[in-house]
Structure formats: C-alpha cells, structure tokens
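All remarks here apply to the structure that follows.
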Amino acid sequence: MMSLTDLIRSAVKESIKGLYGDIAEPLDIQITPTKPEFEGDYTVVFFPLIKVLKRRPDELGTQLGNKLLELYPASFSKFNVIKGFLNLSFSDSLLSDFLRENFINGSFGTQPSNGKTVMVEYASPNTNKPIHLGHLRNIFLGWSMAEILEANGFKVIKSSIINDRGIHICKSMIAWQMFANGATPESTHTKGDHFVGNYYVRFNDVYQEQIAALVAEGMDKKQAERDAPIMKEAQEMLVKWEQGDEEVRSLWATMNGWVYKGFDETFKRIGIGFDKVYYESDTYLLGKDYVKEGLEKNILFKKEDGSVWIDLNDVKLDEKLLLRGDGTSVYITQDIGLAVQKFEEYSLEKSIYVIGDEQLHHMKVLKEICRKLGFGFADAIYHLSYGMVELTTGKMKSREGTVVDADDIVEEMVQTAAAHTAELGKVEGTTEEDLKALYETLGLGAMKFYLLRVDPKKRMLFDPKESIDFHGFTGPFVQYTYARIKSILRKAAVSAETISFSKSDSLLPLERQLMLLLETYPNVLADSAREVNASLVANYAFSLAQLFNSFYAEHSVLKAENNEKQQLRLALSLFTANVLKSALKMLGINAPERM
RNA sequence: GGCCCCGUAGCUCAGUGGAUAGAGCAACAGCCUUCUAAGCUGUGGGUCGAACGUUCGAGUCGUUCCGGGGUCACCA
C-alpha cells in the first residue's frame, strides 16, 4: 500500500499537471508533517514552485489546494495556505479506512521476502575475558539490525567471529598453569568466561610486577616489557600452539570450552544468538592465496625483506602490510580471506560488520584492498561503526578495573525491575515463574532500549542512575504502554475479528494523530534498514507510546461515547499494541502482557 | 602533523534544506470514587561551539577557526 506521503506526492504532481501542464524540470516537493500549531495533517512545501511558475504564493497554494480537493475528494477534506506552505487535511474516511485495513495485522510495516541475503557480523568476542558493557552495545545493535533487515524482506545470517587464538589466550593459559592448581569453573563455582578472565587479569598483575622488578634492577622499561619471564612463556606457548603441540592445544581447547559455556549463558539470558560462528583458529590462515594472486597481478608489491604491501596512497590511506617478511599473515590478511568466504558461501547482497569506530580506518582499508584485488563484493562491505560507551566516571579500562561487566549490569537491571515491580504491586496473583520472566523482560528491556536509543555512530554516556530509570524515554515506558493496552483489550473481552466500525466521521485530534503516526511505521522500518540505524525505531516506539498515553488519558476506550467510537478505539488500541510489540521486537525487546 | 567523527536547554539526546528548534531527566505547579499514576497536563529553561558563505529559507549544505574524541602497528 502506498504511504500517505507518497499519496500526497503523486496527487500534487497530478494537480500541478492539471493546472499548469507539464513542467520541464523535475520538482522536488517536500512533504512534512504539519506543525501542531497549524491546522492540517501534512504540509506541502511549495516554495520551489513559486519560482518555476512565477505566481504569487497564496494564489498558487490556493489553486493547488482546490485542485487537490477536486481531483481527490475522497482523500482530502480541507486545506489552508500560509506563505509557501500548503497544509492538507486527510478526510476522516481515508484515515478510518486505513485503520480498518490494518489494525488486526500483526506484521504491519514488514515486507515480504525480497530474495536477498545479508550477513550481520556482531559480538565477536575475545576468549580471554568476559563480555562487558561495550560489547552489549555491539550485540544489541547487531541483533536489532538483523531483526530490522529481516522485517524489510532480507534473509539475514547472524554471524560472529570468535577471536580464540593468539597471545591473549596464551596469557590466560600460562597464568592458569602457574596458579590454578588444576582449578576449574566447576570446582570454584565460577562462570567459565569469568574464570578464564580472572587468569588473564592474574597474568597482567604478575607481568606488571615483573616489569617493575626488572626496571628496579636498572633495565629499560621497553626492554623489561620484552624480557619479563611470564611474557616470554606466553610467547613460547603461542609458538607451540602454532606448531600444534598436543598438550598446549588440549589446554587451549579446554579453556576456550569454559569460556564458550560462559558466553552461551550470557547470550541465552540476553536473548541473542547466531546462525554462523567463525573461529579465528580456523580462519587465521585464510587470505594468503589472494595476497599471492595480487602479487602476481602486480596489485601488491614486495619489499626487500620479503614483506608484501599494498599502496593505498591514491585513496589517502598510506601503505598497508599484508604479509610479514617471514610469510606469516597479519590481522587484515585473514579479514580478506574471511570476507571472500562469506560472500562465496552465502551470495550476500551486503555484509555488515558491527565493529567499534576505533576500527573505522581498518575497515576502510579492508574495503579498499578488496576493491583493488578486484573483488566485486567490495562495495557490499558495510561497517556499522558505533561509538564507545563511556561512563560518568570516565572511560572503561580493564586494567583499572573500571569495566562494567555485562552479567553484573544485566543482573542489576533485572533486580531493579523486580524491586520496582514489587513496590508498585500491580501484578499480584502472578506465578513465581511468570514474575521471574517479567523481571527479565523489563530489566533487559530497559538495558537494550537505553543502549539502542542513541544514534549508533555517536559515542554515548552510560549513566547508571539514568539507565535503571524506568520512566520517560525508556524501554519499560514503551512496555508499560503495551501492557496497558492489553489490559483494555482483556477487559473489553472481544476477539480482534469481531471489532468493526463503519462510518467514522468526526475523528478527534488525538485519534487522527495516532492513526497518522501508526501509518508512518513502515517508513520508519525502511529508513532504519536503509540507514542501518536502529535508534530510529527506538525513537519511534517512544513517540508512539507517548502519544497513546496522551490519548489514553484524554479518552476512554471502554466507556466511549457510543458503540461506534468504542469499536474504533478498540481497533486503534489493538493497532497501537501490534506496532509497539513489533517495534520492540525490532530492538530485541519483549512486550509483557501485564506489568 | 594527515585523515575521520562529534559539539543543540543544567544533564542525556532527537531534529535526514522549510513555519516561533523538540523530547526525557532534573526543578516547580496540578491530575487517581473513571480502561494499570512505570501515566497525563502545565510552567520555567536555547546567541543550535564561533565567523563567513550558498539559498526565497541553514541547527541541517560549504569554507575557516575553536573545543572534545578516534585513528594513522610487521597488535588483535
């Protein structure tokens, strides 16, 4: 179905044609919602026409308005003209037809399959430490974008690449060997990722002590960093790992297993998952073949020491190393290989990487290298970059212990939800099990909404006080609005199919506003997919909830003036509930039936 | 230093060339015998970092400057 703004656009074109004939140059006519202080639903900004047609604004506007009413009497009821603005009002019948056709449709706004596949790579944790707040922004963004793209007709492959090899995991392993005495997550009742993370911290503590000791003996700091015994051991272990040493590989597999078990618990609790998981231990050798090919084609060049480079100066990106002198690969080498693998395996329309903005440069380089190597998919690589999450106390630094742990913050949010719910005492008679689920729904809803409501590309401030607030621009506010509507619908005790209303003249302002806002939902979904920006959906969900609450306070549904009104308002309420539920789903948030 | 991002109310953020720049929080004043007050209504609060330019029209586009951040690894 055509959106209302598209309807106006085409109607305006027809009207201009009818009035003035064909106009040579294509006009870009802007259509915006009418400001509340003026009468009307949408405003046609026709300033550009004044110049082209050389007419007085009021004359032109009036002629245009009259023509629109003449040609589309069923759609428009009235208009007014102020300067270059033509404020149009839709007829009540058009709006109620719209309501009637869509209020029952739970998937309003979503598109049928378009046959295209998109991959969203997100989360991509390291296996040496637990997930923290910054990862949560990444994870919620990735999940949300996957939902939004799916709603826009794409088949979405949710993927993750787990950074499971390298010096970082060797550090945890060394520390475990030295200090654990065979302890395991089970024996210490510790979540696996935290368990391993603790040894990573332990490694760094010892490492710092050793450096300090060496420096105290008069060694240069840089030298000390290289010579610290524990670091040497970690490096030796990495070499053994690469040689496939059985003992090292076995310990590596065991410790990573602990981490995965911990991650899985967290992922399950926050309600996210993946279709395809890549492991760096499988992919780190990928990409070398393409480098060799590029070398043969003279796209790349070799330096005297045998290292292979690409010259990106033409796009202001300097030179980039692709293979070390000893033939081993660097990070971007495997990125190239994995990128190819993704496109080959899934014939992707687009490959989205949810990665922090500190890697903007890296991703630009990756894309450019792919382009230079002649990969057709280069332009389909999209970096969804997001800003760092900062704390009111400053940046999160693992070394300084200022990292907000994901499991901790989620638990805190859920506890807050529980306390708040108990305080309000509105859900008495609910089973223990349902209550528990509700607390999770609310706590996670608050958390996810808080991290998704801000434009992803901007860095954001995490204010603990604000984040656990369940009032105002928050997830629970939207959830509450949904629960309120469901309460009305339960009390009305009608099934959706039986709701019907026929003539509905005299729509009240708030009823019109709700219909108009509901009508824009498909556009919001499309925009957020096109712009790869989930915050548009969060903002929309809030606006809709806000507007419904105003409507709710002003007009009664169950005690409406007459039966016709009641039916219309029931439809309007159900429609709003459907869209709120859908919008929340796009953010990975559940909608509670009561709260 | 080169390149990139950001700068809007006390704070956190919307605002995708259009009318007198909007929300939430915080502050203050109201609203529950009426569908869930996790709500609603109202008040106060702004030289949109600065200047110049383009335009009928600039928070939005351009240039320069100021302030904040990121990045420019044979790290991942």
Side-chain angles (χ1 to χ4, degrees), chain A residues 28 30 32 34-38 43 45-48 50-51 57 82-85 87 126 128 163 165-168 280 284 303 305 307-309 316-318 320-326 328-332 334 356-362 364-365 385 387-388 390 392 395 417 420-421 423-424 426-427 442 446 450 453-455 457-463 465-467 469-481 483-492 527 531 533 535-536 538-539 542-543 545-546 548-560 569 573 594-595:
Chain A
D28 102 277
Q30 292 174 57
T32 59
T34 302
K35 297 241 165 199
E37 55 267 38
F38 301 97
T43 298
V45 184
F46 64 89
F47 282 100
I50 298 170
K51 224 178 184 180
I82 300 167
K83 294 191 282 183
F85 303 100
N87 301 321
N126 287 355
N128 62 328
N163 188 351
R165 51 141 243 129
I167 192 72
H168 62 271
E280 210 184 289
Y284 80 108
K303 289 198 176 171
D305 63 355
S307 56
V308 181
W309 297 72
K316 294 183 181 175
L317 288 170
D318 287 325
K320 176 72 190 176
L321 175 99
L322 295 180
L323 281 181
R324 296 190 183 100
D326 62 6
T328 57
S329 44
V330 288
Y331 196 68
I332 201 148
Q334 69 156 329
D357 61 8
E358 72 274 9
Q359 291 197 40
L360 269 164
H361 181 260
H362 177 84
K364 247 191 228 172
V365 168
S385 94
M388 203 177 306
E390 285 169 21
T392 40
K395 282 186 188 173
H420 209 59
T421 305
E423 196 182 311
L424 292 171
K426 292 184 183 180
V427 284
L442 296 177
Y450 187 84
R453 67 185 202 184
V454 183
D455 186 343
K457 71 170 185 283
K458 296 190 179 176
R459 55 199 156 86
M460 64 173 293
L461 191 78
F462 184 85
D463 182 344
K465 268 202 305 255
E466 198 182 41
S467 70
D469 191 355
F470 291 177
H471 305 270
F473 189 19
T474 66
F477 174 90
V478 180
Q479 291 172 317
Y480 174 68
T481 309
R484 267 181 145 184
I485 298 175
K486 293 309 290 226
S487 173
I488 295 175
L489 296 173
R490 275 193 302 273
K491 286 192 172 142
D527 288 350
E531 293 174 28
N533 182 353
S535 75
L536 299 181
N539 278 284
F542 173 66
S543 301
Q546 207 178 25
F548 185 86
N549 282 323
S550 296
F551 164 79
Y552 179 97
E554 193 71 25
H555 308 294
S556 177
V557 176
L558 298 179
K559 293 183 180 165
R569 286 182 190 162
S573 301
R594 59 189 86 214
M595 65 185 269

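To find a chain, count down the sequence lines: A is the first, B the second, and so on, and within it residues start at 1. In this text, all values refer to a predicted model and were calculated from it rather than measured experimentally. What you see below is based on every heavy atom in this structure, not just the backbone, and it leaves out hydrogens, waters and symmetry mates.
For A/F47 and A/G325, each mapped to the nucleotide of RNA chain B holding its nearest heavy atom, the one lying further toward the 5' end belongs to A/F47. Comparing A/K559 and A/K35 along RNA chain B, the residue whose closest nucleotide (by nearest heavy atom) sits nearer the 5' end is A/K35.
Scanning all heavy atoms of the two residues, the minimum distance from A/F38 to A/N87 falls at CB-ND2, 3.9 Å. The shortest heavy-atom contact between A/F470 and A/A417 is CE1-CA, 3.4 Å. Between A/I485 and A/S573, the shortest heavy-atom contact is CG2-O, 3.2 Å.
Scanning for ring-ring contact (aromatic ring centres under 6.0 Å, His included) contacts around A/Y284 gives A/W241, with sequence neighbours left out.
Considering only heavy atoms from C-beta on, A/T421 stays 4.5 Å or farther from A/M595 through its side chain. A 4.5 Å side-chain heavy-atom check between A/E466 and A/Y450 finds at least one atom pair inside the cut-off. Here the side chains of A/H361 and A/V365 are in contact, with some heavy-atom distance below 4.5 Å. Residues A/H168 and A/N163 meet the side-chain proximity criterion, which asks for heavy atoms closer than 4.5 Å.
The separation between A/H555 atom NE2 and B/rC35 atom C1' is 14 Å, rounded to whole Å. A/Y552 has its OH atom 5 Å from the P atom of B/rA37, to the nearest Å.
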Give each protein N/O atom lying under 3.5 Å from an N/O atom of nucleotides 40-42 of chain B, with the pair distance.
{"from": "B/rC40", "atom 1": "O3'", "to": "A/S550", "atom 2": "OG", "distance (Å)": "3.4"}
{"from": "B/rU41", "atom 1": "OP1", "to": "A/S550", "atom 2": "OG", "distance (Å)": "2.8"}

Show the distances under 3.5 angstrom between N or O atoms of the protein and N or O atoms of nucleotides 5-11 of chain B.
{"from": "B/rG7", "atom 1": "OP1", "to": "A/K458", "atom 2": "NZ", "distance (Å)": "3.3"}

Taking only nitrogen or oxygen atoms into account, show me every contact under 3.5 Å that the protein makes with nucleotides 58-62 of chain B, one pair per line with its distance.
none

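Of the listed nucleotides (B/rA76, B/rC35, B/rA14), B/rA76 has the atom at the smallest distance from the side chain of A/E280. Listed nucleotides B/rC74, B/rA23, B/rG15 differ in distance to A/L536; the shortest reach to its side chain belongs to B/rG15. Closest contact between the side chain of A/W309 and the listed nucleotides B/rC72, B/rA76, B/rC74 involves B/rC74. With B/rU20, B/rA76, B/rU36 as the candidates, the nucleotide lying closest to the side chain of A/E37 is B/rU20. Nearest to the side chain of A/R490, among B/rA76, B/rU36, B/rG24, sits B/rU36.
Nucleic acid contact class of A/E358 (heavy atoms, under 4.0 Å, all strands): sugar-phosphate only. Looking at heavy-atom distances under 4.0 Å, A/V557 makes contact with a base. Using a 4.0 Å heavy-atom cutoff across all strands shown, A/M595 reaches at least one base atom of the nucleic acid. When heavy atoms are screened at a 4.0 angstrom cut-off, A/T421 is found touching base atoms of the nucleic acid. Within the 4.0 angstrom heavy-atom criterion, base atoms lie near A/R594. Within 4.0 Å (heavy atoms only), A/K51 reaches sugar-phosphate atoms of the nucleic acid but no base atom. Residue A/I485 is out of contact with every strand shown, counting any heavy-atom pair closer than 4.0 Å. Nucleic acid contact class of A/N87 (heavy atoms, under 4.0 Å, all strands): base. Within 4.0 Å of A/S535, counting heavy atoms only, lies no atom of the nucleic acid at all.
Note: A/F85 and A/F47 meet the aromatic proximity criterion, with ring centroids under 6.0 Å apart.
The CZ atom of A/R459 lies 13.0 Å from the CD atom of A/E358; values are rounded to the nearest 0.5 Å.
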Working for side chain to side chain contact (heavy atoms under 4.5 Å, CB included), residues A/V557 and A/F551:
CA-CA 10 Å; A/V557 176; A/F551 164 79; 4.2 Å; yes
Show your reasoning for whether side chain to side chain contact (heavy atoms under 4.5 Å, CB included) applies to A/Y552 and A/I488.
CA-CA 10 Å; A/Y552 179 97; A/I488 295 175; 3.6 Å; yes
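With both ends at atom P, the span from B/rA58 to B/rC74 equals 48 Å, rounded to whole Å. Taking atom P in both B/rA21 and B/rC48, the straight-line distance is 10 Å, to the nearest Å. Annotation: B/rG17 and B/rG62 have their C1' atoms spaced 13 Å apart (nearest Å).
Where RNA chain B pairs in unbroken runs of 3 or more (Watson-Crick or G-U, both distances under 3.5 Å), the stems are B:1-7 with B:66-72, B:10-13 with B:22-25, B:27-31 with B:39-43, B:49-53 with B:61-65.
Interface remark: the A/D305 side chain does form a donor-acceptor pair with the B/rC74 base, using a distance-only criterion of under 3.5 Å. With hydrogens and angles ignored, a donor-acceptor pair closer than 3.5 Å exists between the side chain of A/T43 and the base of B/rA19. Taking 3.5 Å as the limit, the base of B/rU16 and the side chain of A/E531 contain a donor-acceptor pair of atoms between them.
Centre separation under 5.5 Å together with a plane angle under 30° does not hold for the ring of A/Y480 and the six-membered base ring of B/rG39, so they are not marked as stacked. Stacking of the aromatic ring of A/F85 onto the base of B/rA19 is found: the ring centres lie under 5.5 Å apart and the planes are inclined by under 30°. Per the stacking criterion (ring centres < 5.5 Å, plane angle < 30°), A/F542 does not stack onto the base of B/rG24.
The side-chain hydrogen bond (donor to acceptor under 3.5 Å, both in side chains) analysis of residues 470-481 of chain A, with sequence neighbours excluded, yields the pairs A/Y480-A/R484, A/T481-A/N549.
Between A/F542 and A/F477, the angle of the ring planes lies from 30° to 60°, which puts this pair in the tilted group.
Close to B/rU36, at under 4.0 Å from its OP1 or OP2, lies a side-chain N or O of A/K491. Between A/H471 and the phosphate of B/rG24, there is no side-chain N or O to OP1/OP2 separation shorter than 4.0 Å.
An anti base is found at B/rC66: its glycosidic angle is more than 90° from 0.
For the pair A/K457 and A/D455, the salt-bridge criterion is met [side-chain N within less than 4.0 Å of a carboxylate O].
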